[in-house]
Structure formats: structure tokens, C-alpha cells
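First the structure, in the form of C-alpha cells, and then the observations on it.
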Amino acid sequence: MNETATRVYAEIDLDAVRGNVRALRERAPRAQVMAVVKADGYGHGAVPCARAALDAGAAWIGTATPQEALALRAAGIDAPLMCWLWTPGGPWREAVEAGIDVSVSALWALDEVRAAARAAGRTARIQLKADTGLGRAGCQPADWAELVGAAVAAQAEGTVRVTGLWSHFACADEPGHPSVPLQLAAFRDMLAYAEKEGVEPEVRHIANSPATLTLPESHFDLVRCGLAVYGVSPAPELGKPAQLGLRPAMTLKASVALVKAVPAGHGVSYGHHHVTAADTRLALIPAGYADGVPRHASGRGPVLVGGKIRTVAGRVAMDQFVVDLGPDDLVEAGDEAVLFGPGDGGEPTAEDWAQAADTIAYEIVTRIGGRVPRVYRNG
């Protein structure tokens, strides 16, 4: 692909992914690292990033949906692989046949995976999820004994093997939040009960990216790292990526499509929320909310163009937005615009865009759409 002629593209540095995984392994030296590549690797590309993470020593790969996990197997990823977002009637048999660890939070899921195991003629690998306080998936403490008992019975009949016990934090990205020690205590209690009843898990895990970086007491046997694998800080309160030993892997670039002079008082983009204060020049950036540029950042999103940080002028449209260059700029059509990247070249970061859009950096990188080509470096 001729990148200089590309409307917009995301450059993905796979060496950064490898370096981030190594840094996370150093943060959790007694635990294995699971690299989470759900949502197409948080927008970075699931298969290339999974391979890079495994190259750097990740022991597990994680996804949300079974379809994501099955696609990785189809691409030749044969590492230990777990998926956790199931609905009734899901592709349980396919997952069992592919040797994928599946999460079980309730009796209906255990029943379906047992039936799939019988149909496949092989033992299913399951991980029991405990709801220690997040209130999403996971089994409540009041129902834990029933689920554990049923899983132990299924294991005795040979349809399943309980390979893991796990949970998820609600507020690990908020240092000092009182829910964190409460969830850890609940998890330890639920672990102890399951192990007393005969469960011998291969892995026990509750730590996500922020817990991996800040809560060594939560590491257990495995840490599940998502956003940090891609070098973005899970929360501004925890520090910038460089302070955490991470490097952002994605740089979003576009080619300036048009530069033109307009008079003072000229409206810009839908609704004329920006009106030029003086004679000026406008640059058209051919990327919009259909590409993942957040419309909520209208009038605020930062862009590096012509060696200077500019701000989105007016509304972000579906395919394009405008920046006001001022009257004396030398920017021309075809010049490079950098929406975000690691920040060491003076460009904005994903966190800068998150603040401009009143959201989190997770959303900024993950929402970059499928029509934006990914260009891989250091593959």
C-alpha cells in the first residue's frame, strides 16, 4: 500500500506490543500473562497482536466472544485461549473441539457446555467465574456452592475439567478505592471454598491491566492484560504510559485532502459551530466518525498538522473534519496529519482525544473502524 496516498490509516508498532508484554511480565514476575485481544485487539488487530504478545512471553490469549476465539484458532493461534462472553445457544461444541477455555457463571452455561462435550466426545475446559462485586457476569457468592458442586460432579463424570477460577475488578483503575480489598477478600473466600470441594485449577486470576500495574497482591497465577498490552495507560490516575513502562502501539494518520483560503465570518462544518474570526486557511482531514474519530470531540480534538497542534474546527462529520490553520501557514494537500500516537513526536495521544471527547482511552483506540487500514511495523 502506498501510505502517502492513503486517506487515513493506523500504524501499529508490533515491537511496542512486545515491549509492553515484557514490561507487564516484569510487573507480575510470579504470574503468567494473558494478552487480551478482544474487539480486534482493541482496534490494533487481534491476530498480529496475539502473535507479537506470544513472541514476548505471554502464556495465554483472551477474548470476549467465542467467535473471536475461534477466529484466532482458525488463524493458527494454538496457545492457551480463553473466552468469557457467552449467551444461550452459543458455539459451545466448536469451542470445546478447538480446546478453548470457556467461562461458566451459571448452571445454564454448565448444562450447555456439558452437552457440547458429550456431542464432541471430549472433555470441555471450563473456568468458573465469581462475581466478587462487579455485578456483571459471574456467580454470586450465595449461588457459588451450587455452581461449584455441579461443576465438581460434571468433572467426576468426565464432561468438564475445571481449569480456572476467576473474577474481575470494578475499580482497580481508581487507586485506594474501598471496593478493591473487599473484592480480593471475597475472591479468596470463593477460591478457598472451591478448592475445599475438590477443584484444582490450573490458574486463578482477578487482575486486569490496572491491577497488574498497581496491585501485586492480586496477581495470583495469571494476570489478564488488555489495554496495557497496546501501551495505553488504563487510567490517567495511574500515570502516563512512559511512567508505567509502556509505549502506545497505534498511531493514527491521515493525508490532508484540501487546503483553501476563506474570509472572516465563514461558517465551518455542520451547524456552523465554528465561524472564522479572520481571513484564514482551512485544511480538510479526510477522517470522521465512521472511521472512529469521536464526534464528541468536535471543536476540541487535537491534530498535529504542519508541525503544530491544531484543534478540530466545528463538528466532526461522518467522513471528514476541518482544522483552522490561520492565515500564513504552509500546509498543503497531501501533507501528513497525525491524530494521535505515542506522543514523543509532538503529536497528541489517545488520552488527549479521550479528554477532548469526555471518554476513556480504551474507547478511542477500540473505536477505530474497519475501513481504516492497519499498517504493521516490526512484524
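Under the 3.5 Å distance criterion, the side-chain polar atoms of R310 are left unmatched by any main-chain donor or acceptor of V323. Using modelled atom types, no side-chain atom of D15 and backbone atom of R377 make a donor-acceptor pair closer than 3.5 Å. A donor-acceptor pair under 3.5 Å is absent between the side-chain atoms of W353 and the main chain of P348, judged by distance alone. Checking side-chain atoms of D101 against main-chain N and O of M82 turns up no donor-acceptor pair under 3.5 Å. Without hydrogens or angle criteria, T159 side chain to A117 main chain gives no donor-acceptor distance under 3.5 Å. Side chain of R93 to main chain of E97: no donor-acceptor pair is present (N/O by atom type, distance under 3.5 Å, no hydrogens or angles). Panel note: side chain T132, backbone S167; no donor-acceptor pair is recorded below 3.5 Å. Checking side-chain atoms of D143 against main-chain N and O of E146 turns up no donor-acceptor pair under 3.5 Å. Between the side chain of R27 and the backbone N or O of L213, at least one donor-acceptor pair lies under 3.5 Å. Of the possible polar contacts, none joining the T366 side chain to the G43 backbone as a donor-acceptor pair under 3.5 Å is found.
With salt bridges taken as basic N to acidic carboxylate O contacts below 4.0 Å, one links E11 and K253. Checked for salt-bridge contact, D344 and R247 meet the test: a charged N lies under 4.0 Å from a carboxylate O. With respect to R371 and D291, a salt bridge is recorded, a charged nitrogen being found less than 4.0 Å from a carboxylate O.
In this structure the side chain of E112 reaches within 4.5 angstrom of the side chain of W108, judged on heavy atoms. Using a 4.5 Å heavy-atom cutoff, the side chains of E68 and L70 are not in contact. Within the 4.5 Å cutoff, no side-chain heavy atoms of V162 are placed close to those of P201. E237 has its side chain within reach of P175: a pair of non-hydrogen atoms, C-beta onward, lies under 4.5 Å apart. Q155 places none of its side-chain heavy atoms less than 4.5 Å from the side chain of V199.
Linking Ile, Leu, Val, Met, Phe, Trp and Tyr residues whenever their side-chain heavy atoms come within less than 4.5 Å leaves I309 and L339 in two separate clusters. Neither M34 nor V223 shares a network with the other; the hydrophobic side chains, linked directly or stepwise wherever heavy atoms of I, L, V, M, F, W or Y lie under 4.5 Å apart, form separate groups for each. L107 and L128 fall within a single hydrophobic cluster, where Ile, Leu, Val, Met, Phe, Trp and Tyr are joined by side-chain heavy atoms under 4.5 Å apart, directly or via other members. Residues Y42 and L14 fall within the same hydrophobic cluster, defined by Ile, Leu, Val, Met, Phe, Trp and Tyr side chains chained together at heavy-atom separations under 4.5 Å. Side-chain heavy atoms closer than 4.5 Å link hydrophobic residues (I, L, V, M, F, W, Y) into clusters, and following such links, even through other members, never connects V33 to I206.
Checked against a 6.0 Å centroid threshold, the rings of H205 and F220 do not count as neighbours. Taking the six-membered ring where the residue is Trp, the centroids of Y289 and F321 are separated by 6.0 Å or more.
More than 12 heavy-atom neighbours from other residues, nucleotides or ligands sit within 6.0 angstrom of CD on E157. Counting heavy atoms of neighbouring residues, nucleotides and ligands inside a 6.0 Å radius, atom CD of E200 does not exceed 12 of them. With a 6.0 Å radius and a threshold of 12 heavy atoms from other residues, nucleotides or ligands, R25 has its CZ atom at or below the threshold.
Considering NE2 of H168 and OG of S103, their distance stands at 11.5 Å, rounded to 0.5 Å. Note that the CD atom of Q32 and the CG atom of D221 stand 7.5 Å from one another [nearest 0.5 Å]. Note that the CD atom of E197 and the CG atom of L147 stand 12.0 Å from one another [nearest 0.5 Å]. Distance check, rounded to the nearest 0.5 Å: NZ of K260 to CG of L282 gives 7.0 Å.
Under the ring pair (Phe, Tyr, Trp, His ring centres under 6.0 Å) criterion, F169 pairs with no residue, sequence neighbours left out. Residues passing the side chain to side chain donor-acceptor pair (under 3.5 Å) test with W84, sequence neighbours excluded: none.
Contact between A120 and V96 at its shortest, heavy atoms only, is CB-CG1, 4.2 Å. What you find for R374 and G369 is that their closest heavy atoms are NH1-O, 2.7 Å. The two residues S105 and C139 make their nearest non-hydrogen contact at O-CB, 3.4 Å. In terms of heavy-atom proximity, V8 sits nearest to P373 at O-CD, 3.2 Å. Residues L246 and N20 approach most closely at CA-OD1, 3.4 Å, considering heavy atoms. When every heavy atom of A151 is checked against every heavy atom of V160, the shortest pair comes out as O-CG2, 3.9 Å.
In this structure, W92 and W86 have parallel ring planes: the angle between them is below the 30° cut-off, well short of the 60° mark.
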The test is salt bridge (Lys or Arg N to Asp or Glu O under 4.0 Å); show your working for E26 and R22 and say whether it passes.
CA-CA 6 Å; E26 291 175 2; R22 294 187 189 104; over 6 Å; no
Check the pair H274, R315 against side-chain hydrogen bond (donor to acceptor under 3.5 Å, both in side chains), reporting the backbone distance first and the verdict last.
CA-CA 8 Å; H274 179 85; R315 284 184 178 166; over 6 Å; no
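Within the structure, the salt bridge (Lys or Arg N to Asp or Glu O under 4.0 Å) test picks out the following pairs touching residues 347-368 (sequence neighbours left out): R300-D358, E363-R367.
Of the listed residues (L325, D329, L284), just one forms a side-chain contact (heavy atoms from CB on, under 4.5 Å) with V259, and that residue is L325.
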